[in-house]
Amino acid sequence: MGAMEVTWALVALAVVLLLGQYLKLQWAARKLPPGPAPLPVFGNMWALRFSLHHETLMQLAKIYGNTITLWAGHTPLVITNGYEAVRDMLVSKSEETSGRPQTPFLLKYGRERGVISATGHIWKQQRRASVIILRSLGIKQKSMENRIQVEAQHMVEFLTSQQGRALNPDHLIMSCVTNVISAVVFGHRFSFDNQILQCLAEATKAVVPFLSSFWGQLYETFPWLISLLPGPHQKVFDLLEYVRNYVKKEVKDHQASPKEEHQDFIDLYISQIEKTNIDSKAACDEANLVQVVMDLFFAGSDTTAVTLLWALLYVVKYPNVQEKVQRELDDVLDPNKTIQYEHRMELPYTNAVIHEILRYSSIAPLGLPHLCLKDTTIQGFHLKKGTIVICNLFSVLHDRNIWEAPEEFNPSRFLDKDGNFLMKETLIPFSAGHRSCLGEQLARTELFIFFSSLLQHFTFRLPEGVKTVNLDFIMGTTLQPSPYQICALPRWCPSHHSAKESQHKVTSI
C-alpha cells in the first residue's frame, strides 16, 4: 500500500471514530436536559472558547430553558439558571447535590481533603470541625472581629499617609484581607512589606481565578497535555505549592510550641486532632488541617478583597450613594470609636448599600461545581448519580423575575417604606444549602467594618483627569474589576486612636 493509500485510510479511520463519538454523545445527551449539540473531543468547549461565561449561560437559558446541558469533552455539565432552578438544586436537593467532582485541577488543589474539594465523610467532618472552631474564635476575647478592626485601622492609617494621592487600592486591600485570615488561622499578622504576605496574596490572586480561566478550562479538558506545556498555569501550580509548604511550616511551628490558651484556628484544630486520634474514622489529621487552612485562605481572601474593590468603584460611580452613607455614619457613630459589626443595626442605609454591592457585583457567578451523590430530579429532569451540576448564581442575583431593574445599582431595594433594612432570601451571593460558603459570617463582618471605616474617614474620587469609572470585569472564578486608581481624600484630621502597639507598624506598600 502506497503512502497516499495509507493517508486516506487514516483519514477514513479518523472520520469513522469522530462520527462514532458524535453519535455516542448524541445518544447520551437524549436523557439529559436540553442544550447545544456537542462536538467530538471538545464537546461545547470549543464554541464557548473554553470559558463558562455567566452571561452566555443566561442567553442559552433563553433558548433551551433554565436547566441546560453543556459538554466539557465527553463530560456533561448540567447548569441551572434563575432563582427557581438554582434553589431547587442548592436547597431542595441540597443533600443529593452536595458532592464535589474530582476534576483534574480540584484534585491537584485539594487532594480530596479539606472543605472545598472533598466529598462525603471527609467533607462532612472537615466542615463540622471548621464551623465549631470558627464559632469558638468568634466568641473569644481576641475574636475575629477584633482582628478585622485592627486591620481596618491599619488601612485607614496608610490611606491617611497618602494625603489624597492617586493609588491602586488592590495591593492594600488584598494585604489587609489576607492579614485577617492570617491572624485567624496563624494567630499573627504580617507587616505590609513582608515577603511572605506578598507571596500569599499573589498566590490567592493567581489560584482563585484559574479554574474559570482559558488555561484552567484547557487543563480541565486535557490535563495530561497541558501539564507538560509551558504557560501561566505552571506559575499557578508553583504558587499553590508555596502556600501548601508555608501552611505546613506554620502547623509544625504550632506543634513545636503549643500555647496554654488556644488562640487561632491551627491551635484549635490540633486540639481536635488530639481528641479524635483514637477514632479510626475521624478525618481530623494534619493533612486535612493543611488543606482546610488553604481553603480558608483562597476562599476567604480573594472574594472579600474583590468585593471591596468593586465597592470603592461603585461609591465613586454613584457619589450620591457615598454622600448618603457618610451622612448616616456621621449621624450615628462617634468617629473616635471603633466600628463594630453590631452597628449595622443602626445603619440601615449603609447595610443596604453593602448588600446591593454583593448583588450587583455578583463576584462568584458560578461558584464551584457540585456532584450528584445519588440519582435525583432537578426541575423535572432526571439526573444520574455522578452528574456534575453547576449553578449560575449571577442569573439569580440579576433575575428579572425577582429584582426590579437588576441592571441598576439601587440600594433602596433593601429598604422598606420606612427606611428600615430589608433582608431578602433571594440574595445568595455566598451560595446556599449544604455547600454554602464556610466563611460567610467572617466575610460579612469584614465587608461591613472595612467599608464603613473607609467611608467614615475618606471621600473617594477619581484621579485628576480621569472622567469615567471603568466597570469592566476580568473573567475568572471571581469577577475582578479592571485595575484602577483612586484618590482617598481624608474627611478630617486622623484621630489619635491607632492600631494596637503589639501589632506590626504599617510600612510603605
Side-chain angles (χ1 to χ4, degrees), residues 29-36 44 48 52-72 76-101 212 303 352 355-410 412-414 416 422-437 440 477-479:
R30 66 190 177 88
K31 295 183 178 180
L32 291 165
N44 298 117
L48 296 174
L52 292 178
H53 195 295
H54 53 277
E55 292 180 340
T56 301
L57 300 180
M58 292 171 69
Q59 292 299 319
L60 290 172
K62 293 179 181 179
I63 301 171
Y64 299 102
N66 281 333
T67 305
I68 64 176
T69 302
L70 296 175
W71 292 76
L77 310 175
V78 174
I79 300 169
T80 54
N81 293 272
Y83 177 68
E84 293 300 328
V86 169
R87 188 182 187 282
D88 189 16
M89 170 194 159
L90 291 179
V91 180
S92 301
K93 305 301 190 308
S94 187
E95 178 67 31
E96 294 91 329
T97 63
S98 63
R100 186 75 77 206
S212 295
T303 51
H355 283 74
E356 179 66 350
I357 290 167
L358 288 168
R359 186 201 69 82
Y360 194 68
S361 61
S362 306
I363 66 158
L366 303 182
L368 289 173
H370 292 233
L371 183 74
C372 292
L373 297 179
K374 58 182 72 172
D375 291 357
T376 188
T377 301
I378 296 178
Q379 293 291 283
F381 294 103
H382 178 72
L383 304 182
K384 290 185 177 181
K385 177 182 178 181
T387 302
I388 297 175
V389 189
I390 297 172
C391 58
N392 187 352
L393 292 176
F394 186 95
S395 70
V396 178
L397 301 176
H398 293 258
D399 191 334
R400 291 185 175 278
N401 295 322
I402 298 172
W403 311 99
E404 182 179 353
E407 71 282 356
E408 297 179 4
F409 185 83
N410 179 19
S412 296
R413 68 178 84 245
F414 291 100
D416 65 17
L422 181 65
M423 188 58 184
K424 298 187 176 182
E425 66 174 10
T426 50
L427 181 73
I428 52 171
F430 299 97
S431 193
H434 290 1
R435 281 281 184 176
S436 61
C437 177
E440 177 177 347
T477 307
T478 55
L479 302 182

For the [atom1] atom of [X] and the [atom2] atom of [Y], what is their distance to the nearest 0.5 Å?
| X | Y | atom1 | atom2 | result |
| --- | --- | --- | --- | --- |
| I390 | T80 | CD1 | OG1 | 9.0 Å |
| L77 | L57 | CG | CG | 10.0 Å |
| I378 | C372 | CD1 | SG | 5.5 Å |
| I63 | I68 | CD1 | CD1 | 9.0 Å |
| M58 | N66 | CE | CG | 9.5 Å |
| R359 | L393 | CZ | CG | 13.5 Å |

Is it true that a side-chain atom of [X] and a backbone atom of [Y] form a donor plus acceptor pair closer than 3.5 Å?
| X | Y | value |
| --- | --- | --- |
| T377 | H382 | no |
| T69 | P33 | yes |
| D375 | K385 | yes |
| W403 | V396 | yes |

Item to check | Carboxylate-amine/guanidinium contact R413 E356, below 4.0 Å | outcome: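 Answer for the salt bridge query: yes.
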Item to check | Greater than 12 external heavy atoms within 6.0 Å of E407's CD | outcome: yes
Next on the checklist: Test: side chain to side chain donor-acceptor pair (under 3.5 Å). Region: residues 81-95. Which pairs qualify, not counting sequence neighbours?
Outcome noted: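 Applying side chain to side chain donor-acceptor pair (under 3.5 Å) to every pair that reaches into residues 81-95, excluding sequence neighbours, yields N81-N392, Y83-R87, D88-K93, D88-Q379, S94-H434, E95-H434.
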Item to check | Residue pair S395, H54: steps toward the side-chain hydrogen bond (donor to acceptor under 3.5 Å, both in side chains) verdict | outcome: CA-CA 7 Å; S395 70; H54 53 277; over 6 Å; no
Next on the checklist: Parallel, tilted or perpendicular, judged at 30° and 60°: which one describes the rings of Y360 and F409?
Outcome noted: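 Because their plane-to-plane angle is over 60°, the rings of Y360 and F409 count as perpendicular.
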Minimum heavy-atom separation for [X] to [Y], with atom names?
| X | Y | result |
| --- | --- | --- |
| T426 | L397 | O-CD2, 4.1 Å |
| P101 | P369 | CD-O, 3.4 Å |
| S362 | L479 | O-CD1, 3.6 Å |
| D399 | G82 | OD2-CA, 3.6 Å |
| Y64 | P34 | O-CG, 3.3 Å |

Checklist entry - Any side-chain donor-acceptor pair under 3.5 Å between H370 and S98? => result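 Short answer, no.
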Checklist entry - Checking side chain to side chain contact (heavy atoms under 4.5 Å, CB included) for the pair L60/L70: CA distance, chi angles, key distance, verdict? => result CA-CA 10 Å; L60 290 172; L70 296 175; 3.9 Å; yes
